[in-house]
Amino acid sequence: MRLRLADGRELIDGMSSWWCAIHGYRHPVLDQAVREQLGRMAHVMFGGLTHEGGVRLAERLLELAPAGLGAVFFADSGSVSVEVAIKMSLQYQRACGHGERTRLLTVRGGYHGDTFGAMAVCDPVGGMHKMFTGVLAEHVFAERPPDGFEAGLDDGWAEHVRELAARHSDELAAIILEPVVQGAGGMRFHSPECVALLRTLCDEHGLLLVLDEIATGFGRTGALFACEHAGVAPDVMCVGKALTGGYMTLAATLCTRAVADAISAGEGGGLMHGPTFMANPLACAVAHASLGLLEEGAGFVERVRAIELGLRGGLEQARELAGVADVRVLGAIGVVQLEHEVDLARATSAALQQGVWLRPFRDLIYAMPPYTIEPDELAMVTEAMLAAARAA
Ligand SMILES: *Cc1c(COP(=O)(O)O)cnc(C)c1O
């Protein structure tokens, strides 16, 4: 849980190293998994060959994944898994005789990565569209889903998205969304009903539903995958970040058999993607071990629920602070949103004085701690968030 600075100070990591170190650092089981694999083989290509670690991890992911997902493509980072998801959607439509369906529909406020395909579906204002106008693909953006996990389905928003999907259906290949939690785009929560509506619209118009679970996957919101809150399964799903427990870079794009089979039967005879380090055995071994840890003991559900209660209790006072616009908690995600941009230097050093590492951005002071955090450590994290909010 702790990071040691050059001057000897120890900090509790409230960020899980960008949300991926869910079991903390130097976990003996994860260390051992990497060591064991290193003793056998560090790497071998995954084209033409497969290997035990890759197959075993793919099978485990499909056991855990929402119903209907039946194939796995390994990528080397979250952004690449989004590129692959987009490519899958286009290749699928093309294989089904709809080569003209090349655009995606998404909502504003999203974040899907920094490579060009992924960047093009990030929020067009908060993202980097302005710097790359003319280069990024132009997709169809709906308004942000209304705020609130418990907000239900807003009629106005539903009508707006229905209309947009219908108007563009002939040119759309897929709808892409971060289900329930928008991460780096603004740490906002929306209702599972919004996700369910998009599933319905995909079915009505022959679009694929692509869910980006890179931030939300592996328990962060209290469910193994955030789409479980909505009771819907995607056609394509991206996972990354916590997949390896933060040890190595690995991501995956899962899809249904229908999507995989159509692509394999189509032009080219397969998905047009092949990363050199696809299914790296060291990464696969540690990912498999990390999935095992999620289910160990009482399992992640209990631990994430305890963190949720701790964050709710600890952040309640923040509502009374001057300059605080909103306080929200879902699963192991706690957010204090200010009415203004955070003064990063002041906020960070206030948290450091409390012995906690936080990395605020824009108007947000937030924590996504490792699931292994103890109650007293979590109290330090929420205290540090309050201190940062006061200082910012
Ligand atoms: C972090 C993130 C990505 C990009 O993953 P990288 O591994 O940084 O390329 C994509 N989508 C979401 C929702 C993310 O949180």
Side-chain angles (χ1 to χ4, degrees), residues 15-22 73-89 104 106-124 126-129 136-137 139 141 144-145 174-190 194-195 198 209-221 223-227 229-230 234 236-254 273 275-280 283-284 286-287 290 330-333 335 359 361-362 364 366-369:
M15 310 308 298
S16 305
S17 276
W18 265 335
W19 329 342
C20 64
I22 53 176
F73 186 91
F74 286 111
D76 28 21
S77 74
S79 300
V80 173
S81 78
V82 171
E83 299 290 328
V84 167
I86 295 172
K87 204 179 265 190
M88 272 181 185
S89 304
L104 284 89
T106 188
V107 298
R108 288 176 181 271
Y111 176 80
H112 297 283
D114 291 346
T115 52
F116 277 85
M119 234 186 341
V121 283
C122 291
D123 182 75
M128 293 175 273
H129 290 236
L136 292 183
H139 295 302
F141 288 89
R144 219 163 27 77
I175 296 180
I176 183 168
L177 177 85
E178 293 158 277
V180 178
V181 176
Q182 292 188 314
M187 309 300 295
R188 292 177 179 279
F189 310 149
H190 56 253
C194 294
V195 183
L198 297 181
L209 179 64
V210 178
L211 293 182
D212 179 347
E213 293 259 10
I214 294 168
T216 48
F218 307 112
R220 184 55 68 178
T221 68
L224 189 59
F225 297 103
C227 61
H229 295 294
V236 177
M237 183 170 93
C238 299
V239 295
K241 286 203 166 83
L243 173 59
T244 63
Y247 267 54
M248 318 198 52
T249 176
L250 181 72
T253 313
L254 283 61
H273 215 94
T276 305
F277 287 98
M278 174 163 57
N280 170 258
C284 286
V286 74
S290 174
L330 182 69
I333 309 169
V335 183
R359 191 169 188 276
F361 71 104
R362 284 196 230 156
L364 302 163
Y366 76 99
M368 288 173 73

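All ligand and atom numbering here is 1-based and tracks the order in the structure.
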Would you check whether G113 has a nitrogen or oxygen atom less than 3.5 angstrom from a nitrogen or oxygen atom of ligand 1? no
Quick one: which ligand 1 atoms are inside 4.0 Å of a heavy atom on H112? 10 (C), 11 (N)
For H139 and T106, does a side-chain donor sit closer than 3.5 Å to a side-chain acceptor? no
Atom of R220, atom of M368 and distance for their closest heavy-atom approach: NH1-C, 3.2 Å
Give me the residue, atom name and distance of the protein heavy atom closest to atom 2 (C) of ligand 1. K241 NZ, 2.5 Å
Taken to the nearest 0.5 Å, the spacing of L198 CG from I176 CD1 works out to 12.0 Å
CE/M248 to OG/S290 distance, rounded to the nearest 0.5 angstrom? 13.0 Å
Under a 4.0 angstrom heavy-atom cut-off, which atoms of ligand 1 come close to D212? 10 (C), 11 (N), 12 (C), 13 (C)
Ligand 1 contacted by W19 (non-hydrogen, < 4.0 Å): yes
Taking only heavy atoms of S77 into account, list the atoms of ligand 1 that are under 4.0 Å away from them. 7 (O), 9 (O)
Is any side-chain heavy atom of V195 closer than 4.5 Å to a side-chain heavy atom of H190? yes
Count the heavy atoms belonging to other residues, nucleotides or ligands that lie under 6.0 Å from CZ of R359, then report whether that count exceeds 12. no
Shortest protein contact, atom 5 (O) of ligand 1 (heavy atom only): G78 CA, 3.3 Å
Of all heavy-atom pairs between A252 and S81, which one has the smallest distance, and what is that distance? O-CB, 3.9 Å
Any atoms of ligand 1 less than 4.0 Å from a non-hydrogen atom of S79? List them with their elements. 4 (C), 5 (O), 6 (P), 9 (O)
If you count the atoms of ligand 1 from 1 in the order shown, which ones are under 4.0 Å from a heavy atom of E178? 13 (C)
